[in-house]
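It should be emphasised that the depicted structure is a prediction, and the values quoted were computed from it without experimental measurement. Reckoned from all heavy atoms, side chains included, excluding hydrogens, waters and symmetry mates.
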2 protein chains.
Amino acid sequence: MTPMFKIDHTNCADCPIRHRAVCAHCDANELEKLEGIKYYRSFEAGQTILWSGDQMNFVGSVVSGIASLTQTMEDGRTQMVGLLLPSDFVGRPGRESAPYDVQATTDLVMCCFRKKPFEEMMNETPHIAHRLLQMTLDELDAAREWMLVLGRKTAREKIASLLSIIARRDASISHEGNAGPIVFDLPLTREAMADYLGLTLETVSRQISALKRDGVITLEGKRHVTIPDMGRLMEEAGDDSDGGFLV
Amino acid sequence: MTPMFKIDHTNCADCPIRHRAVCAHCDANELEKLEGIKYYRSFEAGQTILWSGDQMNFVGSVVSGIASLTQTMEDGRTQMVGLLLPSDFVGRPGRESAPYDVQATTDLVMCCFRKKPFEEMMNETPHIAHRLLQMTLDELDAAREWMLVLGRKTAREKIASLLSIIARRDASISHEGNAGPIVFDLPLTREAMADYLGLTLETVSRQISALKRDGVITLEGKRHVTIPDMGRLMEEAGDDSDGGFLV
DNA sequence: GTTTCCACTTGATCTCTATCAAGGTTTATT
DNA sequence: AATAAACCTTGATAGAGATCAAGTGGAAAC
């Protein structure tokens, strides 16, 4: 079965969304139906988009920036449970409320669809339901991969795993699958990284310094990262070299 | 929208599956179509049902016993990424292979459907696709809830969280939502619990002893557990008392 | 130009959990 | 009844990461 939506980071001319996600522009048949319910929203870094328990009256895709899903315990401990990069889908068709906080980790633009009409369209067009199921399965795979990181990896491996995810995601967007050094800007503070990895920000800082000292990464300033050897980084992450991350 | 399948632990006369899962007997319209492709399979405790990467040519529901999903690193570290209790759905419609090992943790009976015809039926009957999306979202919620456990909870809280999940699940099956002590048999070895919680089996044993010493649980033998006060257990787990676990 | 603030780094120490090791129970096997 | 094989418990010790604390650097605000 060939997917009705183009996927995997191909852009179309008039839409900024990379098409791992559902997008109106990708399917001429749906375009008119969606045009009316589509809108863009911008958020500032640090802004909370939704609190856990809030009514969620839209679904959408990240256009630019990074959003994060966070769970919080009563005493304030927090764990990031999802990182939404450009092209990722946000939303829970058929669900009333958000089960975790959704935050803009950086300045963020989202392409939103009002939920009701989106769901109606989903019910009428089976391939969209099918596509959503596939995306949800992707997210489930990514969440489970992350459970291994959280449960069994050392601090150093955790950092390497996170850098590896961001590097791979970034590389696949900027220049299609070539070798050579990978360069990118870290979009997360040390604290956000710690929240994602189940560490403290001090440990994150120490391990980044260690990876730098050992030549696994190069840093200019605090955010600009160069990965001279991706294979080496993935060894440090404890992954089989071919890698199975899906985020 | 009312679900076409009965859900939430109601049994019908001729089917052993509790209906959080897709099941032929729950929808007369689909019954005949499914009859031909449905079959039961039994597994012994410890048996591996699927290795990571194997072709997955069926989907199905757990009828009795417990199955687990496990990820393994090259050096042997393992993390359980899912626990499948009776009524849980196993399978990845539209996917070729399993991304993790599937094992029978106890003796296990599954109700299986051959994948191809199941997928065809899914494509023809939108409400089954819809139901599968909802179930996958449930699993995603559970996985993300578990990320908080793995990333931020102490060993004691982790044990309490696991007991809490099993107790709640068990209680909702055996006697509909009443108060009073909850009694059940632990279906997992200390080692399996450790693999699920990102701990060692020694730490699991020590924390269970501690919970017993502190009167949070009572143990007869090594597996028979009594929870005198479920609220107390949930406090120990660090949950807001109303609890959000979805497993 | 100075001050303030925020993100980050580094050091010292402590604590929780892993690790190593030994022994105990229960259940199955001979 | 004796033996073996899982499974579990408990103790001693070590180590990874948390916690507490001080200080650096850079950018924005005054």
Side-chain angles (χ1 to χ4, degrees), chain A residues 44-46 66 73 75-79 105-107 149-163 185-214 217-225 236 238, chain B residues 44-47 66 73 75-79 104-107 149-163 185-214 217-225 236 238:
Chain A
E44 283 173 29
I66 297 194
M73 291 173 69
D75 61 8
R77 280 177 283 177
T78 65
Q79 175 67 49
T105 297
T106 64
D107 288 345
V149 174
L150 291 173
R152 291 301 185 194
K153 291 194 179 179
T154 64
R156 185 181 173 105
E157 288 169 337
K158 285 179 174 181
I159 298 288
S161 296
L162 178 56
L163 291 176
D185 283 302
L186 265 180
L188 302 175
T189 65
R190 303 292 187 257
E191 188 178 20
M193 294 172 75
D195 279 346
Y196 198 33
L197 295 166
L199 298 170
T200 59
L201 69 90
E202 293 96 330
T203 298
V204 169
S205 181
R206 272 186 254 273
Q207 295 300 333
I208 288 180
S209 297
L211 289 175
K212 184 177 156 191
R213 169 170 45 70
D214 298 342
I217 63 173
T218 308
L219 269 185
E220 284 164 60
K222 291 153 194 322
R223 299 290 192 90
H224 193 73
V225 180
E236 291 285 352
Chain B
E44 285 173 26
Q47 203 176 343
I66 295 194
M73 290 173 69
D75 61 7
R77 280 176 284 176
T78 66
Q79 175 67 49
T105 297
T106 64
D107 288 345
V149 173
L150 291 174
R152 292 300 184 194
K153 291 195 179 180
T154 65
R156 185 181 174 106
E157 288 169 336
K158 285 179 175 183
I159 297 288
S161 296
L162 179 56
L163 291 176
D185 283 303
L186 264 181
L188 301 175
T189 65
R190 303 291 187 258
E191 188 179 19
M193 294 172 75
D195 279 345
Y196 198 33
L197 295 166
L199 298 170
T200 60
L201 69 90
E202 293 95 331
T203 298
V204 169
S205 181
R206 272 186 254 271
Q207 295 300 332
I208 288 180
S209 298
L211 289 175
K212 183 178 157 189
R213 168 172 44 72
D214 299 342
I217 62 173
T218 309
L219 269 185
E220 285 164 58
K222 291 155 192 323
R223 299 289 193 92
H224 193 74
V225 180
E236 291 284 352

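- The residues Arg152(A) and Asp75(B) are annotated as not salt-bridged, no charged nitrogen and carboxylate oxygen being separated by less than 4.0 angstrom.
- Atoms CD1 and CD, from Ile159(A) and Glu236(A) in turn, are 12.0 Å apart once rounded to the nearest 0.5 Å.
- Every residue two or more places apart in sequence or in another chain was checked for a salt bridge (charged side-chain N to carboxylate O under 4.0 Å, His left out) with Arg190(A), and none qualifies.
- Under the 3.5 Å distance criterion, the side-chain polar atoms of Lys158(B) are matched with a main-chain donor or acceptor of Leu197(B).
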Protein proximity profile, nucleotides 3-17 of chain D - base contact B, sugar-phosphate-only contact S, no contact -, cut-off 4.0 Å on heavy atoms: -----SBBBB----S
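- With values rounded to the nearest 0.5 angstrom, Glu202(A) atom CD is found 10.5 Å from Leu199(A) atom CG.
- Within the 3.5 Å criterion, the main-chain N or O of Ser205(B) finds a donor-acceptor partner in the side chain of Ser209(B).
- In the 5' to 3' direction, nucleotides of DNA chain C lying under 4.0 Å from heavy atoms of chain B begin and end at dT17(C) to dC20(C).
- For the residue pair Thr218(A)/Lys212(A), the side-chain donor-acceptor check at 3.5 Å is not satisfied.
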